[in-house]
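The structure appears below as structure tokens.
Just so you know, these numbers use all the heavy atoms, side chains as well, and skip hydrogens, waters and symmetry mates. If you're wondering where the values come from, they're calculated on a predicted model, not measured in any experiment.
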Amino acid sequence: MKSKMLITAILFASFAQAKEPKAHQSGTLVQMDSAECGFDENSGKSVVGELVGTDSAHKKTHALLCQEYLLQGDSVIYRIRPRDEKHPVLLPVGQRAQFRIHKDKMLLQVEDGDGKEREYNVVSMTPHQGNTMSSP
């Protein structure tokens, strides 16, 4: 009975290892821009002004800027933005990166970086031909 359980456990372990992980693609971080990604509103109201009625109802708004990168793969140019908007990490432009698409996000790791895979949103994809980059 124990030998059957051992064989079954080994069989399940071999099936679990047989599933190949998704292969990483390689690309180059070509460019970084700042892109508008929303607005920040600050109403000039205070609690005391609300109670007394002396505050005006004007709002201060300014555009929020997010990092947007161009990642040139073998056949596609990806425009990506970090998913973590509060703590974005600056990526080194001109460096090679390994990436893979998983569900609705891109997982990217810079080759000479800290070894962490970070999540990015793909904003757009453009096919490219040849070795030179054309402006999208």
Side-chain angles (χ1 to χ4, degrees):
M1 180 72 170
K2 289 184 181 181
S3 63
K4 286 185 181 180
M5 290 178 68
L6 179 63
I7 292 172
T8 304
I10 292 172
L11 188 62
F12 280 124
S14 66
F15 284 135
Q17 289 183 351
K19 185 178 178 183
E20 292 182 28
K22 291 217 174 191
H24 282 80
Q25 298 178 44
S26 186
T28 303
L29 292 162
V30 179
Q31 180 178 338
M32 192 274 280
D33 289 318
S34 294
E36 281 191 22
C37 57
F39 290 92
D40 185 25
E41 290 185 355
N42 183 6
S43 67
K45 297 181 180 182
S46 66
V47 175
V48 175
E50 288 273 329
L51 295 173
V52 177
T54 59
D55 273 350
S56 63
H58 73 285
K59 290 185 177 183
K60 299 175 187 175
T61 61
H62 67 279
L64 295 176
L65 299 177
C66 295
Q67 300 164 352
E68 191 170 275
Y69 293 93
L70 286 180
L71 175 67
Q72 183 173 336
D74 292 334
S75 60
V76 177
I77 298 171
Y78 299 92
R79 186 174 294 275
I80 59 174
R81 290 184 186 168
R83 287 178 76 105
D84 185 4
E85 294 175 1
K86 290 187 178 185
H87 305 100
V89 175
L90 281 175
L91 298 177
V93 174
Q95 292 289 322
R96 300 284 298 164
Q98 301 294 319
F99 66 95
R100 61 191 170 103
I101 305 292
H102 180 70
K103 294 186 180 180
D104 65 338
K105 60 191 168 214
M106 175 184 282
L107 300 170
L108 183 126
Q109 177 181 3
V110 178
E111 288 183 355
D112 293 332
D114 57 6
K116 291 185 182 179
E117 254 188 350
R118 292 187 170 79
E119 296 180 352
Y120 290 84
N121 290 324
V122 177
V123 178
S124 68
M125 299 183 332
T126 308
H128 84 90
Q129 300 90 3
N131 295 333
T132 61
M133 174 152 143
S134 60
S135 59

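- Side-chain contact between P82 and R118 is absent, with no heavy-atom pair separated by less than 4.5 Å.
- Nearest approach of H24 to Q98, heavy atoms of both residues: CB-OE1, 3.7 Å.
- Closest of all the heavy-atom pairs between A97 and L71 is CB-CD1, 4.4 Å.
- When every heavy atom of H128 is checked against every heavy atom of V76, the shortest pair comes out as CD2-N, 3.7 Å.
- Tracing side-chain contacts under 4.5 Å through hydrophobic residues (I, L, V, M, F, W, Y), one reaches V122 starting from L91; they form part of the same cluster.
- The shortest distance between side-chain heavy atoms of V123 and Y69 does not fall below 4.5 Å.
- For the atom pair L108 CG and Y78 OH, the distance stands at 11.0 Å (nearest 0.5 Å).
- In this structure, the side chains of L90 and Q67 come closer than 4.5 Å at one or more pairs of heavy atoms.
- Closest heavy-atom contact between A23 and R100: O-CB, 4.1 Å.
- Under 3.5 Å, the side chains of H102 and E117 contain no donor-acceptor pair of N or O atoms.
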Item checked: I77 and M125: CA distance, side-chain angles, deciding distance, side-chain contact (heavy atoms from CB on, under 4.5 Å) verdict -> CA-CA 6 Å; I77 298 171; M125 299 183 332; over 6 Å; no
Next item on the list: Test side-chain contact (heavy atoms from CB on, under 4.5 Å) on L29 and V110 and set out the steps.
Entry: CA-CA 9 Å; L29 292 162; V110 178; 4.3 Å; yes
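- Atom OG1 of T28 is separated from atom CD of E111 by 8.5 Å, given to the nearest 0.5 angstrom.
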Next item on the list: Given side-chain contact (heavy atoms from CB on, under 4.5 Å), test Q95 with D112 step by step and report yes or no.
Entry: CA-CA 8 Å; Q95 292 289 322; D112 293 332; 3.5 Å; yes
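- Taking the centre of each ring, F99 and Y120 stay at or above the 6.0 Å mark.
- Scanning both residues, Q109 and G115, for their nearest heavy atoms gives NE2-O, 3.2 Å.
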Notebook entry, point to check: Run the side-chain contact (heavy atoms from CB on, under 4.5 Å) check on D33 and R79 step by step: do they pass?
Noted result: CA-CA 10 Å; D33 289 318; R79 186 174 294 275; 4.3 Å; yes
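- Within a 6.0 Å radius of CE in M32, other residues, nucleotides and ligands contribute more than 12 heavy atoms.
- Between V93 and Q31 the shortest heavy-atom distance is CG1-N, 3.9 Å.
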